[in-house]
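In this text, all values refer to a predicted model and were calculated from it rather than measured experimentally.
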Number of protein chains: 2
Amino acid sequence: MTQQRPPSELRSVFARHGLRCTQQRQVLYEVLVSTDRHPTAEQLYRMVGERDSGLSMATVYNTLEAFCEAGLCLKLAALNGSCRYDGATHDHLHFKDVRTGEIRDVPEEISEMLLDSIPREVLSEIEKKMGIKLHRIDVDLIGEDIPPG
Amino acid sequence: MTQQRPPSELRSVFARHGLRCTQQRQVLYEVLVSTDRHPTAEQLYRMVGERDSGLSMATVYNTLEAFCEAGLCLKLAALNGSCRYDGATHDHLHFKDVRTGEIRDVPEEISEMLLDSIPREVLSEIEKKMGIKLHRIDVDLIGEDIPPG
DNA sequence: TTTCCTGCAAAAGCTTTGCAAGTAC
DNA sequence: GTACTTGCAAAGCTTTTGCAGGAAA
């Protein structure tokens, strides 16, 4: 499948991260950043299938792995054994539902309040003491929906 | 298998949480709280097998599920699709290794510093705004080990 | 033209489930 | 005696892998 007219924007995003610009990667990336639903690989596979001819599950996994390595998306650990992906552009908290495994964003302004309250110097102290390199912090609120009414 | 001489301490822990006191649950619980390694179900299965005749994987999963429901342990989401269990007695942060999926505790005094800095009122605001009931907060430091040297 | 990516199919890993026998209370 | 738990085996779901053909640079 030869590429005809890739949006130059996407093309340069990939180039900057050392990724080849394939049809499949473009479609997957567009779908990923267009949602805040933190889809599973399976859900992405179906979402892409609705827009386009489709691509294989293997490619979905390979591509997501490549995106994560390149820093284009985050891999989130869900509570029910599957993984979810987040085309995050800003830091935010996640709410994880213990019943469904669903992940929702915590509204941005509240997320910020909480994240801003974390002292930076504590983090660098942790890096030093534990001999690790931090990529990011995930703050997850674990709980369940209150049934309305 | 009839129970002969259950440690009354454990027995009352289970009773308080509405759990029947079976041989298997006792062994599994003892193994779980004796480690800070955040074992997977598979690892617990092997650890129990070393001490005792053994129990089936199905029972490991059933029992861990029962413990979690009862609040006797935490189910942690690992980054590689498996789940890990934590017989936690105090709040602490976790470091998750993106390469191995391993989970390590962040030392208690640093964990406390960070957790104490999170304003309580922000959490209750989140509960109200999102219509959820929080069980706990997981603060996960995502990163990788720095090779020594 | 070289290197990397895709897609298929198969395998591997983790977790859940149905059901009969057994145990706690 | 009743209700819950265990263990086996099988199934279900998620993710990874090997490899041949194809596309990007």
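In terms of hydrophobic clustering, with Ile, Leu, Val, Met, Phe, Trp and Tyr side chains grouped at heavy-atom distances under 4.5 Å, B:Val139 and A:Ile126 are assigned to a common cluster.
Taking a pair as Watson-Crick or G-U with both hydrogen-bonding distances under 3.5 Å, the stems of three or more pairs touching DNA chain C are C:1-25 with D:1-25.
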Next item on the list: With side chain to side chain contact (heavy atoms under 4.5 Å, CB included) as the test, would you mind laying out the steps for B:Cys68 and B:Tyr85 before giving the verdict?
Entry: CA-CA 9 Å; B:Cys68 287; B:Tyr85 297 87; 4.2 Å; yes

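Salt-bridge formation is detected for the pair A:Lys129/A:Glu125: a Lys NZ or Arg NE/NH1/NH2 atom is positioned less than 4.0 Å from an Asp or Glu carboxylate oxygen. Salt-bridge check for A:Arg84 with A:Asp86: failed, with every basic side-chain N at 4.0 Å or more from each acidic carboxylate O.
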Detail all sub-3.5 Å separations between protein N/O atoms and N/O atoms belonging to nucleotides 13-15 of chain C.
| residue | atom | partner | partner atom | Å |
| --- | --- | --- | --- | --- |
| C:dT15 | OP1 | B:Cys83 | N | 2.7 |
| C:dT15 | OP2 | B:Tyr61 | OH | 2.4 |
| C:dT15 | O5' | B:Tyr61 | OH | 3.2 |

Next item on the list: Heavy atoms under 4.0 Å is the rule here; annotate nucleotides 1-6 of chain C 5' to 3' with B where the base is hit, S where only the sugar-phosphate is, and - elsewhere.
Entry: --BBSB

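Counting to the nearest Å, the C1' atom of D:dT5 and the CG atom of B:Leu28 are 14 Å from each other. Between the C1' atom of D:dA24 and the CD atom of A:Gln26 lies a distance of 12 Å, rounded to the nearest Å.
The only member of B:Thr35, B:Val31, B:Val27 that meets side-chain contact (heavy atoms from CB on, under 4.5 Å) when paired with B:Leu44 is B:Val31.
Between A:His38 and A:His92, the ring planes lie tilted relative to each other; the angle falls in the 30° to 60° range.
Checked against C:dG7, C:dC25, D:dC8, the side chain of A:Ala58 finds its nearest nucleotide in C:dG7.
The nearest pair of heavy atoms linking B:Leu123 to B:Leu134 is O-CD1, 4.2 Å. For the residue pair B:Leu32 and B:Pro39, the shortest heavy atom distance occurs at CD1-CG, 4.4 Å. Considering all non-hydrogen atoms of both residues, B:Gly87 and B:Cys73 come closest at CA-CB, 4.2 Å.
A donor-acceptor pair under 3.5 Å links the side-chain atoms of B:Ser12 to the main chain of B:Glu9, judged by distance alone.
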